[in-house]
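Below is one structure, written out as structure tokens, with a few remarks after it.
Proteins get letters first, then strands, A, B, ... in listed order; numbering begins at 1 in each.
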Amino acid sequence: MSLPQPAPDRGGPAQPLLALEGLVKHFPLKGGLFGRTRAVVRAVDGVSFTVAKGETLGIVGESGCGKSTTARLLMRLMEPDAGSMIFDGEPVGENEQAGGVSLRDYRRQVQMVFQDSYASLNPRLPIEESIAFGPRVHGLPAGEAVQRARELLGAVGLAPESFARRYPHELSGGQRQRVNIARALALRPRLVILDEPVSALDKSVEAQVLNLLVDLKEGFGLTYVFISHDLNVVQYISDRVLVMYLGEVAEMGPVGAIYDRPAHPYTQALLASRPSMDPARRRTKPPLTGDPPNPVNPPSGCRFRTRCPHAEEVCAARKPNMAALGEGHVAACHMADPASGHSKAGSALEAVA
Amino acid sequence: MSAALDEARPAPGAARPLVRLRDLHVTFATRDRTVHAVNGVDLDLAAGEVLCILGESGSGKSVTMRALMRLLPRFARITGGIEVAGRDVTAMSERELADFRGGEVAMIFQEPMTALDPVFTIGRQIAETVQRHEGVSRQAAEARALELLELVQIPSARRRLAAYPHELSGGLRQRAMIAVALACKPKLLLADEPTAALDATVQIQVLLLLRELQRELGMGVIFVTHDLGVAGEIADRVAVMYAGRVVEEGPVAALMAGPLHPYPQGLLGATVHAGMRGRRLTTIPGAPPLLDVVPAGCAFHPRCPHAEDACLAAVPAMRSPSPGRRARCLRVPDGDVS
């Protein structure tokens, strides 16, 4: 295949592909006669994590937790208010003389797939042209770009001879999502951000697309950031999982640790809220009461304390530190931090299974 | 069709079921195309029973439920028998329907923002329903509204009576909609994916609330969902729909443990759950048929791993290998001849 080839690896396998430090994005709520800022939505409020080369990082959380804003910041569809992004050792968005990677180059190496498969495609373009659009913008001659689009259609399981000239409305939801995946791969990215890619699909089609994502990751040597509210899907596809609550990281770690030994009470409640397919295991009490609070005025200290069964004074007074629990498993909870002063600090946390 | 056979089948539970659908067909005919959404559905619901209709988009599950209330657009053609609480719904006049909807049968939806009126307070909307159906005074209706908000466990209910829908969180809005639906103590509650748009920690709260209310009020519930987990949490019985027909029906535990029909078998295999990491997901190849024509024979035939010529000859009749379980598949033995 011709240009564009995937950008070469720079720092070697040990260097994270993407490292974020203290990412912040607030949205002002304007109102009144002079459009003054009345309040601020703290959508993403000091989020730090790394994505290792070749892994799938799952991000879970409920609506309003900031997971989709995080995705848009990762893609640089919006500018962060604060924080730094390092892509394979190079700061993102700074000029190349200073050793940074330009936004144009960055966006070629990072691509995104959205939940709404229809809204993400131009309804007036046959799908092969939608896929070829990106490579053409980046300098590939039109004929080669279309050739490449057809190869990619084949790779995502849509026979180019019958699908290439179709328009988005002539495809089913699952087929359209395959087109979006093909388009994301057209620029040979190293990192693909998948924002709820299977949430709008029926179960039988969801399984097809998940299998495809696993195959493509292998075949193209990709790294994924997979955002979803579906805990079962995240467990299936992720190597590491990050749990967000009200714009902050609540817990992060290897998928086995998060699902088998969740340390944060929010993660425990989230896992226990999954409906069970076995009617013999029905619950009588919900793990949590109430809705997630509004991110406009998040609670002081630990943001989960208003719904937490273990909340104490220290939780309102101080923001918890990220306590390390071994093997890269961290939790922002005073109970996981032996020095926090919480009465249950350092005690073994039993999972609410 | 198997309508004659089903007449003979004793209804589960009571002698006279709360809901009785016989050979229900719904087609939508517009200038451009005709869609055969429901193609011969027979279903019974006993009083106080929870039936989940499980199916993917386009399976006809929501249309079947709306037909029960005749809540379909004018260009929909409905044929077959629809009986609720002993009354023939197909024969009702518009005036009778208005009393019937919200009185004997109530419905809750996925999106409460479209079901609630944005310009009236929650309290007013509940009281209005009570006044309309029970003809009581405004004060009495408002007292009842407060009781209902407490019934659906809305915290600080008295204050919330004066709230507008947009002032409530998603979970509270869903509870408020349930309160409106329960205002006239319906015998039958129809629920169209009421928890699909909710967050995980809120979804389980609403499911548990619905189960509690159903038991307390002794309502029959038909709950439409695409989520096997939701069915596992709430159903007594499950009916699986595919291409406008019920392909399998049975008690929830037995059906989840071992479905008889290849479609629910595939669905169960394709649903991601714990312990599947690292394994390839089994998938159902292809996609459901377009319903421009009534599918000949078994509609699942093109996607079925066990398909043979006989599957195309006629729509497979419901076979019942054991009491209470039925499936439309030629491979299912017909043991329980009732």
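Heavy atoms of other residues, nucleotides or ligands lying less than 6.0 angstrom from CD of A/E327 number 12 at most. Heavy-atom neighbours of A/N297 CG from other residues, nucleotides or ligands within 6.0 Å: at or below the threshold of 12.
Heavy atoms of A/E206 lying under 4.5 Å from chain B belong exclusively to its side chain. Heavy-atom distances place the side chain of A/D215, and not its backbone, under 4.5 Å from chain B. Contacts of B/L172 with chain A are made by backbone atoms alone, with heavy-atom separations under 4.5 Å and no side-chain atom involved. Neither the backbone nor the side chain of B/Q153 comes within less than 4.5 Å of any heavy atom in chain A. Proximity to chain A (any heavy atom under 4.5 Å) is shown, for B/M276, by both the backbone and the side chain. Interface remark: B/I284 contributes backbone and side-chain atoms alike to the contact with chain A (heavy atom separation under 4.5 Å). No part of B/P288 comes within reach of chain A, as not one of its non-hydrogen atoms sits under 4.5 angstrom from that chain. Heavy atoms closer than 4.5 Å to chain A are found in both the backbone and the side chain of B/L228. Residue A/S172 does not touch chain B at all, counting heavy-atom pairs closer than 4.5 Å.
At a threshold of 4.5 Å between non-hydrogen side-chain atoms, the residues B/R211 and A/R282 count as touching. With a 4.5 Å cut-off on side-chain heavy atoms, A/P287 and B/I204 count as touching.
Per-residue heavy-atom pair counts under 4.5 Å with chain A were compared for B/P155, B/P285, B/G171, and the maximum is reached by B/G171. For the options B/T195, B/L209, B/I234, B/L268, heavy-atom pairs under 4.5 Å to chain A are most numerous at B/I234. Comparing B/T283, B/V230, B/T201, B/D227 by how many heavy-atom pairs each has under 4.5 Å with chain A, the most go to B/T201. Of all the listed residues (A/A207, A/A280, A/G173, A/G174), the one sharing the greatest number of non-hydrogen pairs under 4.5 Å with chain B is A/A207. Between chain B and the residues A/G61, A/S238, A/G64, A/S273, the most heavy-atom pairs under 4.5 angstrom are made by A/S273. Among the candidates A/N294, A/T284, A/T289, A/V233, the residue making the largest number of heavy-atom pairs closer than 4.5 Å to chain B is A/T289. When each of B/A257, B/A235, B/A287 is checked for heavy-atom pairs under 4.5 Å with chain A, B/A235 comes out on top.
Under the 3.5 Å distance criterion, the side-chain polar atoms of B/E233 are matched with a main-chain donor or acceptor of A/S276. At distances below 3.5 Å, at least one donor-acceptor pair connects side-chain atoms of A/D202 with backbone N or O atoms of B/S57. For B/D199 (side chain) and A/E62 (main-chain N/O), no donor-acceptor pair under 3.5 Å exists by modelled atom type. The closest donor-acceptor contact from the side chain of A/Y236 to the backbone of B/R279 lies under 3.5 Å. Checked by atom type and distance alone, the side chain of B/R277 never pairs as donor or acceptor with a backbone atom of A/G256 at under 3.5 Å.
Residues A/M277 and B/T271 approach most closely at SD-CG2, 4.3 Å, considering heavy atoms. Summarising the geometry of B/V252 relative to A/P279, their closest heavy-atom pair is CG1-CG, 3.8 Å, with the distance given to 0.1 Å. Of all the heavy atoms in B/L281 and A/N211, the pair that sits closest is O-ND2, 2.8 Å. The heavy-atom pair separating B/Q205 from A/P286 by the smallest distance is CG-CB, 3.6 Å. Shortest non-hydrogen contact noted between B/E56 and A/K203 is OE2-N, 3.5 Å. Between B/V202 and A/G290, the closest heavy-atom pair is CG2-O, 4.0 Å.
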>> With side-chain contact (heavy atoms from CB on, under 4.5 Å) as the criterion, how do A/Q235 and B/V272 come out once you've worked through the C-alpha distance, each side chain's angles and the decisive distance to 0.1 Å?
In response: CA-CA 9 Å; A/Q235 180 179 22; B/V272 187; over 6 Å; no

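Checked for salt-bridge contact, A/D291 and B/R173 miss the test: no charged N lies under 4.0 Å from a carboxylate O.
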